[in-house]
Amino acid sequence: MFRKAGVNVLDGVHCTSIEDALSAYDSLGSKVVAVKSQIHAGGRGKGTLYSPESGEKVMEGGVKIAFSREDVELYSRNILGNKLVTIQTGENGKIVNNLYVEAGCAIAHEYYLAILVDREAKAVLIMASTEGGMDIEKVAENTPEALHKVWVDPAAGLLGFQKRNLGMDLGLSGAALKSFFGLLGKLYDVFVKNDCAMVEINPLVRSEDDEIIALDAKVSFDENASFRHKEWEDIRDLGEEDDAEVRAKELGLSYVKLDGDIGCLVNGAGLAMATMDVIQLYGGEPANFLDLGGGAGEDTVNAAFEIILEDHNVKGILVNIFGGIQRCDVVANGVLASVERIGLEVPLVIRLSGTNYKEGRAIIDASDLQTYSVDTLAEGAKKIVELIGGES
Amino acid sequence: MFRKAGVNVLDGVHCTSIEDALSAYDSLGSKVVAVKSQIHAGGRGKGTLYSPESGEKVMEGGVKIAFSREDVELYSRNILGNKLVTIQTGENGKIVNNLYVEAGCAIAHEYYLAILVDREAKAVLIMASTEGGMDIEKVAENTPEALHKVWVDPAAGLLGFQKRNLGMDLGLSGAALKSFFGLLGKLYDVFVKNDCAMVEINPLVRSEDDEIIALDAKVSFDENASFRHKEWEDIRDLGEEDDAEVRAKELGLSYVKLDGDIGCLVNGAGLAMATMDVIQLYGGEPANFLDLGGGAGEDTVNAAFEIILEDHNVKGILVNIFGGIQRCDVVANGVLASVERIGLEVPLVIRLSGTNYKEGRAIIDASDLQTYSVDTLAEGAKKIVELIGGES
Amino acid sequence: MSIWINEHSKVLVQGITGSQGTFHATKMIEYGTDIVGGVTPGKGGQSLDLFGKSVTVYDGMYEAIQATDANASVIYVPPQFAAEAIMEAADAFDQIKGEGVVVCITEGIPTLDMVKAVAYVNQRPGVRLIGPNCPGIITPGIEGGCKIGIMPGHIHKKGRIGIVSKSGTLTYEAVAQTMSIGEGQSTCIGIGGDPVNGTGFIDCLAGFQDDIQTEAIVMIGEIGGTAEEDAAAWAAENVTKPIVGFVAGATAPPGKRMGHAGAIISGGKGTAAEKFAAFKSAGIYVANDPSEIGAVLAVALKEAGLL
Amino acid sequence: MSIWINEHSKVLVQGITGSQGTFHATKMIEYGTDIVGGVTPGKGGQSLDLFGKSVTVYDGMYEAIQATDANASVIYVPPQFAAEAIMEAADAFDQIKGEGVVVCITEGIPTLDMVKAVAYVNQRPGVRLIGPNCPGIITPGIEGGCKIGIMPGHIHKKGRIGIVSKSGTLTYEAVAQTMSIGEGQSTCIGIGGDPVNGTGFIDCLAGFQDDIQTEAIVMIGEIGGTAEEDAAAWAAENVTKPIVGFVAGATAPPGKRMGHAGAIISGGKGTAAEKFAAFKSAGIYVANDPSEIGAVLAVALKEAGLL
């Protein structure tokens with residue numbers, strides 16, 4: 001994507017096998033190359049690779065500099081098929097199926113550059129720091145003043161003086177400043193044209209001959225804009241995403257798996273978060289975030305219920321609905337249909353409020369389903385925690 | 001230009017001879033074609049063609065619909081090499097060296113559309129009217145309310161609802177509205193990308209199968225933007241522009257030839273206009289507008305003097321300088337150098353004020369040049385009118 | 001009194017011929033909202049019969065405002081066209097009336113579209129945008145009232161509590177909580193959970209502070225961004241009425257988007273803990289559980305001598 | 001008093017290392033203007049010795065304002081870069097000081113660049129843009145004064161007449177005319193002859209009306225557009241001080257551009273006759289010849305009891 005937009009990048013080859021990596025090394029014609037784990041998460045350089053079967057540590061660092069063909073072979077072997085845990089992947093890490101073998105360059109200095117939307121300023125924000133390399137989170141936390149920031153006026157776009165000033169803030173001048181100026185303009189265009197949520201170049205380097213090169217990039221997209229980017233379907237690496245989360249999204253649900261044991265089925269993102277919070281407040285641990293969205297039908301409720309029950313950690317379910325667009329009777333019917341179809345072996349607490357709550361409760365009460373009806377979220381949380389034998 | 005940008009236009013061929021026109025007719029494969037005089041001025045349809053030698057009238061109308069090969073031959077012969085006088089060319093008209101032979105289309109309705117910069121609103125203005133065809137100047141004068149207007153927010157650009165609303169204002173719907181929507185977006189892009197001063201589509205037509213087509217266009221460019229449009233040099237038809245005006249521009253002067261007999265050499269556009277006004281106020285007629293620009297050197301003054309004297313109507317010259325950046329001594333030296341080189345057979349009145357006016361007057365006084373020095377513009381105008389024997 | 005809308009507000013529905021638009025236009029009329037027309041390009045001239053009321057459809061907002069003298073609009077158009085709809089409404093209100101309230105319900109508008117649309121609205125200072133991705137705004141009346149959005153009307157009652165929230169359903173919880181202690185609402189506003197939106201917490205707090213009818217405020221935030229912190233700091237300086245606050249997402253893991261596009265903790269910023277702390281240090285009464293809001297509100301009212 | 005700038009204004013010169021920039025920076029210092037620094041990207045850190053004063057060059061406007069506490073800047077950069085220079089200055093003044101005066105002398109800036117730049121400046125309401133394609137602004141002092149631009153300083157004298165003009169050299173004529181009846185100037189502003197510019201006639205009239213030092217106004221227009229008509233109509237309602245007006249271009253033929261990009265009569269609009277008529281109907285004293293301005297001004301002052 002960057003290369004196509006004319007952004008300075010190093011030559012490199014995507015590989016999925018050790019053989020690929022070796023022939024990439026041969027073809028690049030650079031004695032020193034970088035062998036990079038490709039997963040959709042940052043902090044790869046400081047990550048650790050583990051065997052997915054044994055859980056044993058295989059290698060420190062998901063990005064390695066290889067000084068020989070043998071190095072390339074060793075690093076590829078240690079990376080491919082193993083699990084990379086970084087500061088951003090969480091404990092479970094991610095299996096690495098892709099490598100990038102990249103030609104070396106004589107680096108004079110490493111910088112950090114990121115483009116994102118600043119929600120407070122309601123504008124695109126470009127951040128850059130002379131402290132490039134691996135630990136930008138720490139730079140942001142410890143020395144936020146080392147981060148230089150430029151906000152793009154939505155009306156005027158990124159202006160020349162902004163590019164120049166940011167370059168000068170990084171201490172660039174002459175050819176390097178000119179190279180930075182050109183690169184930043186192209187990167188911003190990439191950001192806007194592709195509806196990115198974040199473009200992070202880390203490191204951005206100045207080579208010894210004063211060229212500015214994007215050495216490594218992490219890009220995330222604004223999913224709301226997917227309707228105008230059919231090409232994203234090709235980029236998306238579904239294998240990496242949690243299967244249930246992908247299926248949920250296809251159904252119009254928001255689902256995030258968590259580590260607890262109480263499944264939640266809620267309408268509304270805020271209420272879904274609050275439900276998790278209150279479960280924890282009363283001593284339980286939520287197994288998931290699940291927002292039905294607005295006005296889900298019986299089928300969607302049904303599917304949501306199944307996704308929750310797929311998680312074998314789930315020992316109980318709390319349904320919490322405050323009907324606005326969502327009708328409580330539809331949820332009740334959806335829940336009943338699910339239970340009928342796949343059975344239910346864990347306790348179920350249901351709280352229905354708002355639009356058609358009386359009809360909903362009547363449907364539940366009229367069924368022979370073993371459930372506990374409650375009036376408020378707090379009651380519901382207390383009840384489900386009690387039922388699965390947690391503290392309360 | 002429009003075709004390249006994807007704007008709907010009819011097929012057509014540029015021609016410079018009758019033979020060209022006939023083979024264009026053959027190649028277009030449309031029985032009915034339009035034969036159009038190509039000059040840089042509007043009102044061609046209602047213009048009249050005259051023989052440049054005899055001055056006799058040759059034909060009414062610079063745009064003709066030809067229903068046969070014979071018509072094409074007749075109209076081409078009547079147009080090429082003759083002088084077209086329109087409401088915008090002034091009395092002298094312009095010799096037509098180029099023709100455009102255009103395929104016909106079944107026209108359901110003719111509209112008018114123009115894009116320009118509105119100086120009051122400081123924004124691009126799009127104007128459209130259902131009264132397309134030939135006399136838009138009259139529509140604007142007589143029924144300005146029939147003109148629908150849309151201003152483009154400089155920040156947001158031309159928005160979809162603006163295109164749609166303008167189309168609906170023209171009474172378009174369905175396929176025609178969609179076609180208009182697309183065409184207007186492309187036209188606006190053409191306007192911005194090419195730094196146009198004005199794009200006028202007259203007529204813009206709706207064909208019987210509801211396509212919106214730009215049938216005839218007049219485009220002018222913002223000359224200030226020429227530094228980023230090297231391609232304009234190819235488009236410019238120098239033959240049509242007044243030779244002296246073109247040369248003056250190359251020297252950094254603004255020169256406009258007028259019909260009077262008093263040449264003016266002034267610094268500053270406002271003062272140059274005021275000088276013309278005051279000459280007329282005292283009974284004379286200015287032969288030209290001439291603004292030296294800011295800080296002209298002796299060579300430029302010299303060249304300006306020569307351009308004024310090229311006009312054989314000139315019976316006297318008024319130099320009016322209020323020095324700011326412009327130094328009066330430089331003007332004085334330039335005038336002397338000119339006179340020395342090309343002689344001077346008409347009276348010369350000089351008014352020098354502002355920066356270095358004392359030095360300037362001293363230079364003039366020390367020379368053996370026959371001139372009249374005055375203190376104010378009014379005195380100068382009175383004096384030159386008197387000297388050439390006009391009323392005063 | 002109330003803020004921004006009242007029982008006399010005349011409301012247009014943009015996207016009225018879509019299924020969502022038709023459904024909610026009906027619900028709004030049912031509640032008592034004065035729906036004066038609808039807008040769907042290309043369907044102008046049609047007339048819809050909604051809950052016994054005949055509603056005219058216009059092709060565009062300029063025409064619709066001129067014909068109806070509307071002073072508010074609500075947008076139910078799909079995300080692809082929603083930013084345009086916001087800008088059309090903003091420009092039309094600005095040009096014709098110099099002011100107007102635009103409520104955008106649509107979820108899923110691209111962030112960069114909203115960056116552009118919000119900048120556009122901000123250049124038209126008389127125009128207020130609420131949303132997008134929000135339940136809307138409601139001012140309950142003595143009977144019925146003015147509901148502009150998708151919230152269930154029947155849970156509300158006219159009263160003295162102003163409610164502002166990022167979340168839809170949590171707003172309803174807050175409403176139910178006020179009702180549980182016998183309090184009604186002046187105006188309830190869902191500002192929406194998108195990262196880039198129109199009206200923010202501070203605008204609402206300022207409105208409530210200046211509103212005679214409002215005597216106390218409930219403010220519901222969620223993880224992501226620093227809008228809650230900024231609002232708390234502002235409130236400490238500018239709001240004299242008691243505020244009860246809750247923040248959703250204390251248990252949300254970092255780096256994961258919780259449903260709302262804006263609800264994400266990134267770079268260690270935007271956590272519920274930080275927001276709760278900001279509330280406390282600004283003297284805001286904190287509810288740790290939405291079910292507690294009523295009880296905390298009762299305490300706040302009592303301490304302010306309002307109960 | 002005076003308007004917008006005074007003897008204490010601290011001025012930066014954008015494009016100071018160019019030949020025009022250096023020349024006019026020197027002239028301004030000579031006149032008494034407090035030039036506190038210059039800006040040329042890539043030449044930061046240099047120091048120029050101008051008329052015995054050492055002037056530091058900065059790489060950008062943010063840095064320069066922070067270092068010098070400047071409150072005005074004047075732009076002598078080439079047309080290709082001038083709109084950017086305007087926006088940089090506007091943003092830097094806005095962000096750092098919340099206000100500032102930006103005077104753009106450059107001629108030949110593309111119109112669409114100015115459309116963008118003016119919109120950008122207008123979003124930063126504390127920033128005033130004068131020009132482009134103008135001689136600048138001058139407030140004569142008792143000795144020297146503040147001259148920001150290219151006008152010949154020596155023709156001015158401190159006094160009570162405010163002058164505003166689209167034209168450069170005609171402004172000097174107007175100054176000379178006030179001097180011919182013994183009157184000095186409060187502030188003289190050339191707003192420039194481009195079709196799209198910053199400060200307009202009405203801004204200047206409003207400034208003069210509110211300024212204690214100014215007792216009468218000279219206003220010089222030219223053909224093209226309707227700014228003179230709009231200003232006359234505004235003045236009739238809002239200006240109580242006597243105004244003397246002149247319009248250049250009575251003899252200009254339609255459709256021909258008279259030097260200034262904006263000086264063109266198009267579609268029968270923008271003629272001098274219309275503008276003179278508007279002046280008269282607004283009660284503005286009209287001079288038919290710039291050499292008459294002094295005499296007409298004397299009449300105006302006398303009738304207002306000021307002479």
Task: Contacting moiety of L377(B), where chain D heavy atoms sit under 4.5 Å - done: both

TODO: For the residue pair V117(B) and P195(D), establish whether any side-chain heavy-atom pair is separated by less than 4.5 Å.
DONE: no

TODO: Measure I150(D) against the heavy atoms of chain B and call it side chain, backbone, both or neither at under 4.5 Å.
DONE: both

Open item on the list: Below 4.5 Å, heavy-atom pairs only: which of T111(D), I155(D), I223(D) has the largest tally toward chain B?
Closed with: T111(D)

Task: Sidechain-backbone polar pair: D277(B) side chain, A250(D) backbone, donor-acceptor under 3.5 Å - done: yes

Task: Residue among D291(B), V256(B), L258(B) with most heavy-atom pairs under 4.5 Å to chain D - done: V256(B)

Task: Per-residue contact mode, R327(B) against chain D (heavy atom under 4.5 angstrom) - done: neither

Task: Interface moiety of D230(D) toward chain B, non-hydrogen atoms closer than 4.5 Å - done: side chain

TODO: Against chain D, work out which of I279(B), T275(B), V278(B) has the most heavy-atom pairs shorter than 4.5 Å and name it.
DONE: V278(B)

Open item on the list: For the backbone of F322(B) and the side chain of E173(D), can you confirm whether one donor and one acceptor N or O come within less than 3.5 Å of each other?
Closed with: no

Task: Residues, nucleotides or ligands: over 12 heavy atoms within 6.0 Å of Y31(D) OH - done: yes

- [ ] With a 4.5 angstrom heavy-atom cut-off, could you sort out which part of Y120(D) is near chain B: side chain, backbone, both or neither?
- [x] neither

- [ ] Answer yes or no: is there a side-chain heavy-atom contact under 4.5 Å between L112(D) and V124(B)?
- [x] yes

Task: Part of V175(D) lying under 4.5 Å from any heavy atom of chain B - done: neither

Task: Toward chain B, the part of V118(D) with a non-hydrogen atom under 4.5 Å - done: side chain

TODO: Not counting sequence neighbours, which residues clear side-chain hydrogen bond (donor to acceptor under 3.5 Å, both in side chains) with N133(D)? List them please.
DONE: D194(D)

- [ ] In plain terms, say whether D289(D) and K382(B) are close enough for a salt bridge, that is, a side-chain N and a carboxylate O under 4.0 Å apart.
- [x] no

TODO: Would you indicate whether the side-chain heavy atoms of R228(B) and D113(D) approach each other to under 4.5 Å?
DONE: yes

Open item on the list: Test of understanding: with side-chain hydrogen bond (donor to acceptor under 3.5 Å, both in side chains), list the residues that count as partners of T169(D), not counting sequence neighbours.
Closed with: none

TODO: Among the options G224(D), S180(D), G200(D), pick out the one with the most heavy-atom pairs lying under 4.5 Å from chain B.
DONE: G224(D)

Task: Validation row: K122(B), N197(D) side chains within 4.5 angstrom (heavy atoms) - done: yes

